[in-house]
Amino acid sequence: MKIQCTPIDYDYFDFQGKNYAKIIGRDDKGKKVCLIDSCDVFLWAILKDNIGEKKVKEISEKIRKIKLSEKGRASEVIKTEIHNKKYLGKNVTAIKILITNHKDAHSFAEKIDFKEIDKRREFDLPYITRYILEKKLKPLQWYEIEGEILNNSPEFGGIDNKLDVNICLKVEKIKEIEKEIYQPKILSYDIETDEFDIGKGHIVMISLVGENFKKVITWKEKSNKEFVEHVKDESAMLEKCVEYIKDYNPDILVGYFSDGFDLPYLRARAEKNHIKFNIGADDSQPTFTRGRLTTGKIKGIVHIDLFRFIRVTYGQYLQSETLSLNEVALELLGEKKNNWIHKHSSKINGGEWDTYYEYNLQDALLTYKLMQKLWPDFYEFTNVIQEPLFDISRDSLSTQVENYIIHHSGQYNEIIEKRPYNTDIEERRSEEKYEGAFVFQPIPGLYDNVVFFDFTSMYGSVIVTYNLSKSTYLEKKEKDSLKVEMGKETVYFSKEPGFFSLMLQEIIEKRKLFKKEYNENPNPILKARSNAFKLLANAAYGYQGFFGARYYCLKAAAATAALARKSIKETIEVIEKNNNKIIYSDTDSIAFLQGNKTEKDIMDLLKKINETLPGIMELDLEGFYKRGIWVSRRNGDIGAKKKYALIDINDKIKIRGFETVRRDWCNLARETQNKVLDLILKNGDEKKAVELVKEVIEKIKKRDIDLNKLIIKTQLKKSIEEYKSEGPHVTIAKKMREQGKPVNIGMLIEYYIAESDGKKKSLIRERAKLTDEPGKYDIEYYLKNQILPAVENIFEVFNVDVNSLIEKKKQTKLGEF
DNA sequence: GAAGTGGATATACC
DNA sequence: ACTGGTATATCCACTTC
């Protein structure tokens, strides 16, 4: 039997003491297939230097005879092979130890403690990773698979009988083929419940959205809406839901925050109703792994929680202030959630139910559309990193970088470094922080004609150019090595290119290539591809300084920062020597005055600098700006770093660091500051802006401001009990909890500051009120703690004291009484 | 009980 | 605990006089 198919979900099982991969995929006709396959499982024993050939063979033989019997499983070494490998860039002799069961790799590693053995490695690779590496059956690519059909076969304990797939194949031959990018079958889901705590209240309705498929299943009010299906009770609703999912037979079941809410809730209610939520391809129920975050897994279907993917890998490129479904959908799709204020189902009137059903359906619809929109990104990440979609959608950035390394180490014949033990992690975490980026101390002022240069992928380029990594780090000075001075300390790196730098070089080159291709031919796939490489390039530096990394090397991270500092300072000097005044610089960018130079002069300067830059270091023109403003810090009179605003030739404004871009300031302060910056940058003076601020002050005093504009939003970053210092948002979170409102870690807590009602209340938190709590906003607070701080330093640039505006008015006002 | 200071906290920049 | 360091600013908690 020969089929064409693409692997989607990877799982594995044990049969008669051996491991087998169980892969769910689709064939070219859209049928669900299951592939059963196995691969060599092994670990490496790396020998110490200068062990004679004979001795190596002897040890190899000794290892060959090791047997284990653990957890009722007899396991043994199948064979051993002697190889010339590389480990951290050095040539080593290593014994490849093939064993019967992957789960015993750790135990074997512990048993191999001969004195001639230096290190044991690759006992900690997950089986699926090992399988993909060995068989090169990469997720979402296309293959021609030859194999034996399992049909009612007793082999593997009759596994094919238990699986809801069209074909079950025992793999014999794998051949990669070219085909179009796979478009998965997606089903999205969303639930509405009476209570927020998992499983506490009833599930009122479940919505499902797929291609030409929209459903809301409910046991509450009947409806004439064609998409609403009414059943008799919660239990029947859950069973109907299972039926629809099985019927639709998706590759991907997607929700928004579904790891933390929808899926565990469904599972909990099924349990309460004594039924099975058996949506797995083998009729199993979803399972949950309890880490810091709950993760919901379904056999044979890739469960994706879009929120998680967006938060770790995608969020940094979004403008949205929260990563709520509403905001993300608005930004990426231009669509919103429907309006609905959550109520217990007992408090909903008959006529309101249709609104509720539509609201629920819209959420699933948005989730479905978002999944489609982000599919190119999921696909490209999977393609580049080569781990299964399930992991790609949840892994942290460091893990993504690490998996990229693992799946590309073969090119370098490298034995993969081990994961750090807890003792290693403890030690790493206790290491002193190193000096990071250079930030130029700006002088407050309004500047005309500002030019911005920046380095492309600066840290990545530094790592590649200077070859900075764990494998190239030298314990002591060697001849022809690179010397890096970092304050008191001096470190050395080999000039022999290391595999980490080579890999990163490839990543940066591909990023440049795909970016260029995208610019010539803009399409979502090229954008996603370029983005995937950009993300890896940017994360590689942080990875080397991350305590959990296999290829952790704090010295390399410190040297990267040191050489980046050196590089930017030297570039600053060149620009200064060209008679251009430096205004600002942060990490990889430099702002300076164009002065009397033409744009061509500036481009020539850029070209000249690039000619002298080493390796793959590259300086780019970020832009020409008509005007820019830098202000002073609120306490102290020096210029504030990381805070400036620019206007370009097309009157487009770019704001960095100001309150305008901070979500923990009330909208009135943000809007006012934004308008002030706009007026100043456009007009080149402050006069109109002063008038504007006066008006706002008057409005506040007259209580003419809508409360919505005064709401302050602060994120609850940990549980209420963990706070040592109780800020206003924590007090409000406490109140919300008392009122039975949902309070979760990560939530934005909303409140406003009210006038104290009689008793003296010196603390701000004592005056903080919930948005729906009646009260009068505190005029003084909003003037002195919101509006003034937001504009004071901007006007200071023009020697205008806004403080006096408030005080003066206040006196006249007092005089009136 | 006001004033000053350091710590805790949140958020942004790159 | 789940990439790094640099920086601003608020509000609380505590000390001091």
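None of these values were measured; they are calculated from a predicted model. Order of the sequence lines fixes the chain letters, A, B, ..., with proteins taken first and strands second; residue numbering starts at 1 for each chain. Scope of the values below: all heavy atoms of this structure, side chains included, with no hydrogens, waters or symmetry mates.
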### Message
From NZ of A:K717 over to P of C:dA1, roughly how many Å is that when rounded to an integer?
### Response
15 Å

For residues 724-733 of chain A, which side-chain N or O atoms pair as donor and acceptor with protein atoms under 3.5 Å away, sequence neighbours left out?
| unit_1 | atom_1 | unit_2 | atom_2 | d |
| --- | --- | --- | --- | --- |
| A:E726 | OE1 | A:K734 | NZ | 2.9 |
| A:E726 | OE2 | A:T731 | OG1 | 2.8 |
| A:H729 | NE2 | A:Q715 | O | 3.3 |
| A:T731 | OG1 | A:G727 | O | 3.4 |

### Task
For A:K654 and B:dA12, give me the distance from atom NZ to atom C1', rounded to whole Å.
15 Å

### Query
Does the ring centre of A:F309 sit less than 6.0 Å away from the ring centre of A:F378?
yes

### Query
Contact class for A:Q544 vs. all strands (heavy atom < 4.0 Å): base, sugar-phosphate, or nothing?
nothing

### Protein-nucleotide distance (A:K724, atom NZ; B:dA8, atom P), rounded to Å
5 Å

### Query
NA contact type, A:T714, heavy-atom cut-off 4.0 Å: base, sugar-phosphate, or nothing?
sugar-phosphate

### Query
Base, sugar-phosphate, or nothing for A:Y644, non-hydrogen atoms under 4.0 angstrom?
sugar-phosphate

### Nucleotide C:dC2, atom C1' - distance to CG of A:D395 in whole Å
10 Å

### Inter- and intrachain pairs under salt bridge (Lys or Arg N to Asp or Glu O under 4.0 Å), touching residues 397-407 of chain A, at least two apart
A:E402-A:R550

#### Entry: Whole angstrom value for the distance that separates P of B:dT9 from NE2 of A:H729
9 Å

#### Entry: Any donor-acceptor N or O pair under 3.5 Å, side chains A:T587, A:R565
no

### Query
Does the cation-pi check pass for A:K418 over A:Y421, that is, NZ or CZ under 6.0 Å from the six-membered ring centre and within 45° of its axis?
yes

### Query
Of the nucleotides B:dC14, C:dT3, B:dA8, which has the atom closest to the A:R656 side chain?
B:dC14

### Phosphate OP1/OP2 of C:dT3 contacted by A:S396 side-chain N/O (<4.0 Å)
yes

#### Entry: Distance below 4.0 Å between A:Y584 side-chain N/O and B:dC13 OP1 or OP2
no

#### Entry: Partners meeting ring-ring contact (aromatic ring centres under 6.0 Å, His included) with A:H408 (sequence neighbours left out)
A:Y404

### Message
I want to verify a distance call: between B:dA10, C:dC12, B:dC13, whose nearest atom is closest to the A:D664 side chain?
### Response
B:dA10

### Query
Mind checking the P distance from B:dT9 to C:dA1? Whole angstroms is fine.
16 Å

### Query
C:dA1 C1' sits how many Å from A:R429 CZ, rounded?
6 Å

### Query
In residues 742-751 of chain A, what residues come within less than 4.0 Å of DNA chain B, judged by heavy atoms?
none

### Query
Separation of A:R765 atom CZ from B:dA8 atom P, in whole Å?
16 Å

### Query
Between A:F261 and A:Y256, does the ring centroid distance fall short of 6.0 Å?
no

### Query
Is A:K718 close enough and on-axis enough to A:Y723, meaning under 6.0 Å and within 45°, for cation-pi?
yes

### Query
So, is the end of the A:K569 side chain (NZ or CZ) under 6.0 Å from the ring centre of A:F438 and within 45° of the ring's axis?
yes

### Query
Expressed as a whole number of Å, how far does the P atom of C:dA7 sit from that of C:dT3?
23 Å

#### Entry: Rounded interatomic separation in angstrom, taking CG from A:L504 and C1' from C:dT3
13 Å

### Query
For nucleotides 4-10 of chain C, read 5' to 3', which letter fits each nucleotide if B means a protein heavy atom sits under 4.0 Å from the base, S means only the sugar-phosphate is that close, and - means neither?
SBBSSSS

### Query
Counting N and O atoms only, with roles assigned by atom type, does the side chain of A:Q673 sit under 3.5 Å from a partner on the main chain of A:A790, one being a donor and the other an acceptor?
yes

#### Entry: Rounded distance [0.5 Å steps], NZ in A:K654 versus CG in A:L677
14.5 Å

Below 3.5 Å is the cut-off: list the nitrogen or oxygen pairs between protein and nucleotides 4-7 of chain B, distance only.
none

### Query
Does the side chain of A:T129 pick up a donor-acceptor pair with the side chain of A:E387 at under 3.5 Å?
yes

